[in-house]
Amino acid sequence: MSNKFYVTTPIYYVNDKPHIGSTYTTVIADVLARAHRLRGDKTLFLTGTDENSQKNLEAAQKAGFDNLPAYLDSMAEIWQTTWKTLGLTYDDFIRTTEKRHHQGVERFWRAVQKSGDIYKAEYERDYCVGCEAFKTAHELTDGRCPLHPNKDLEKVKEENYFFRASAYKDDLLKLYHEHPEFIEPKSRMNEIRSYVKEAFEDFSISRESGKLACGIPVPDDDSQRIYVWFDALLNYMTAVGYGTDDKLFKKWWPADVHLIGKDIIKFHCALWPAMIMSAAKSDPALLDETGAVLLPKSVHVNGFFTVDGQKISKSLGNAIDPLDLIQEYPFDVIRYFILREIPYGEDGDFSKTRLAERYNSDLANTLGNLVNRAVAMSRKYFNGRVPDVKPEDAKTALPDTEWGGAECLEILWQTVDRYLDASRADLALESIWSSNDCSLNSANRYVEQTKPFKLVKEEPQKAALVLYTLLEACRHFAWMISPMMPDIARKIILQLGQDPKKEEQKSAKDLRQWGGLAPDSELPEPAILFPRLTE
RNA sequence: CGCGGGGUAGAGCAGAUGGCAGCUCGCCAGGCCCAUAACCUGGAGGCCGUGGGUUCAAGUCCCACCCCCGCAACCA
């Protein structure tokens, strides 16, 4: 039975190129997408760019573009090629300047309007005469413009449309209560709950056209343009046909997981569901057969990176370009590091020293070495082949050892699944490496405990069983890590003498079954998976 | 009293429902020799931010305080 799985990343601002932080979020999405494809689920992985921002205009000018669309095109291109170069397997890339998006936004706006949740009100903002620009609260120091502290700020009032978000307070609290899995990790739930309870207010959702150079016009009111989040959030729907293709929309919506960074948690966990609740009152496409509102299933929130302990900031210029990183390490290694090192949801530090440590210990010494010694011994003792034993007989360990055997691997598979469902790639990897009796570490221990290199001289039949067990375990490990490290997984499968392309066609059930490695099949000359780093 | 997260071995981190303080890396000493000077075993190293309190028993619960970090309409 196959399910559908729809995962999204935020749409990224195009006033800069991708850095390690946006890469992290996108990699997690890639991991989830790959994991679900492996399980046989129909999977849609969406990413894209947010192009209706005032900031883009400034960025375009700075980059020497005289026309905005050309700039947006070039930036969208950079984001797409970066993700492709890194091998990220997104299925669709939405740009909020696309027609399909505009149509969906318009339909959604009208629905919310029909529900009676859009009203006009006066909105006051600070205007700095020196900069000739509006300032947001956090751009000010001591209530003054830092660039022109001698000039008083002007309070400028304008009429804007507001979204009656406050009307959905109770519904949101109910949602959090009934669906604790809506926000992951749990620690974020409290934050949102208290925010909604205490500070969730109506949102201004438009600006006067004259003061906002880009953006989607408010339906039936050219004097106003739709502002930020109201437009941006809708990409998750418009990408799957909301407003343009009802059948497609029905197929994919609601999203199963929205992956985001902690900075935009309020919009995704509070404003977004409130918007949908409102629109659903007037648009039946947003209801399921039972009449319940089709809200996203969950929002998974990751923390931020520091680089060598320092906050990443565009002004500091310490953002790491992933394309530079892959000059030094294969991307799978980077993937492993950022996924494993940082407990999902927490802030984490990106340090090259630490990366090198992880590389040597986890990848070269534990994983690489295990595969290498297992393959090398089999080749050496069994004519370059997988030992010719009955897989059944190698299911369990030799007596007086700790190895958990096939049964344990099955449980490990389930553990990995469960962690990935909560985006906990860190815990999934940790459990593959250690903390149970069929991990990579225990496999290495099994070699010590059985000593196949000695055993082969006394009881070759037993050595054959041990080595088959190890090789078959490596096959399982390869598929387990494949969502996280797809290239390495493929290389391991190759070293086991199998064709990754052919294997990938098999069902998840077959891949996870004991005995997928054919006895007496040929083993190619092993190559070092991870050359050890030396100073 | 704006909101939230955090302060546990040299570094980085785990430690629902209170009960001998753990993991990874690094360091030291052994073992092994299949393997990428890799692997395995053992060891040293901790006033668990501070001060009170509850309890037979507290990183773990309560109170106060100190320090770090993030957020507060557009950086994942």
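Proteins come first, then strands; the chains are lettered A, B, ... in the order of their sequence lines, and each starts at number 1.
One interatomic measurement links the two molecules: CD1 of A/Ile528 to P of B/rA37, which rounds to 8 Å at whole-angstrom precision. Rounded to a whole Å, the NE2 atom of A/His268 is 12 Å from the C1' atom of B/rC74. Here the P atom of nucleotide B/rA38 and the CZ atom of A/Arg445 are 18 Å apart, to the nearest Å. When rounded to the nearest whole Å, the span between CH2 of A/Trp229 and P of B/rA73 equals 12 Å.
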Are there any protein N/O atoms within less than 3.5 Å of an N/O atom in nucleotides 23-25 of chain B, and if so, which ones and at what distance?
residue : atom : partner  : partner atom : Å
B/rC25  : O2'  : A/Glu357 : OE1          : 3.0

Using a cutoff of under 3.5 Å, can you pull out all pairs of nitrogen or oxygen atoms linking the protein to nucleotides 2-9 of chain B, with atom names and distances?
residue : atom : partner  : partner atom : Å
B/rG4   : O2'  : A/Glu191 : OE1          : 3.3

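Taking the O4'-C1'-N9-C4 or O4'-C1'-N1-C2 dihedral as appropriate, B/rG6 has a value more than 90° from 0 and is therefore anti.
A/Lys454 has a side-chain polar atom (N or O) that falls below the 4.0 Å cut-off from OP1 or OP2 of B/rC33. For the pair A/Asn365 and B/rC39, the criterion of a side-chain N or O lying under 4.0 Å from OP1 or OP2 is met. Remark: A/Lys451 is not in phosphate contact with B/rC40, judged by side-chain N or O atoms under 4.0 Å from OP1 or OP2.
Of the P atoms belonging to B/rA38 and B/rA44, the separation is 24 Å, rounded to the nearest Å. Taking the P atoms as reference points, B/rC20 lies 45 Å from B/rA76, given to the whole Å. Remark: the separation of the P atoms in B/rU54 and B/rU8 is 27 Å, to the nearest Å.
Across A/Ser378 and A/Leu467, no two heavy atoms sit closer than the pair OG-CB, 3.6 Å.
Ring centers of A/Trp79 and A/Tyr12: under 6.0 Å apart, within the cut-off. Aromatic rings from A/Tyr161 and A/Trp109 are positioned such that their centres are separated by under 6.0 Å. In this structure, A/His268 has its ring center closer than 6.0 angstrom to the ring center of A/Tyr236. Residues A/Phe163 and A/Trp229 keep their aromatic ring centres 6.0 Å or farther apart.
Considering only side-chain atoms of A/Ala376, the nucleotide from B/rC34, B/rC75, B/rU36 that sits closest is B/rC34. Each of B/rC34, B/rC74, B/rA38 was ranked by its minimum atom distance to the side chain of A/Tyr13; first place goes to B/rC74. The listed nucleotides are B/rA38, B/rC34, B/rA76; the one nearest the side chain of A/Val447 is B/rC34. Here the side chain of A/Phe453 is nearest to one of B/rG70, B/rA73, B/rC32, namely B/rC32. Among B/rA76, B/rC40, B/rC34, the nucleotide with an atom closest to any side-chain atom of A/Met377 is B/rC34. Comparing B/rC39, B/rA73, B/rC40 by their nearest atom to the side chain of A/Phe267 picks out B/rA73. For A/Ala364, taking side-chain heavy atoms from C-beta onward, the closest of the listed nucleotides B/rA76, B/rU41, B/rU36 is B/rU36.
Scanning for ring pair (Phe, Tyr, Trp, His ring centres under 6.0 Å) contacts around A/Tyr6 gives an empty result, with sequence neighbours left out. For A/Lys451, the side-chain contact (heavy atoms from CB on, under 4.5 Å) criterion is met by A/Phe453, A/Lys454, not counting sequence neighbours. Under the rule for a ring pair (Phe, Tyr, Trp, His ring centres under 6.0 Å), the partners of A/Tyr71 that lie at least two apart in sequence or sit in another chain are A/Phe65.
Every pair passing salt bridge (charged side-chain N to carboxylate O under 4.0 Å, His left out) that includes a residue from residues 360-377 of chain A is listed here, sequence neighbours excluded: A/Arg340-A/Asp362, A/Arg358-A/Asp362, A/Arg373-A/Glu448.
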Check the pair A/Asp30 / A/Arg34 against salt bridge (Lys or Arg N to Asp or Glu O under 4.0 Å), numbers first and verdict last.
CA-CA 6 Å; A/Asp30 188 62; A/Arg34 286 176 188 272; 2.8 Å; yes

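Toward the 5′ end of RNA chain B lies the nearest nucleotide of A/Glu341, the other residue of the pair A/Trp79 and A/Glu341 mapping further downstream. Both A/Leu259 and A/Asn360 sit near RNA chain B, but only A/Asn360 has its closest nucleotide nearer the 5' end.
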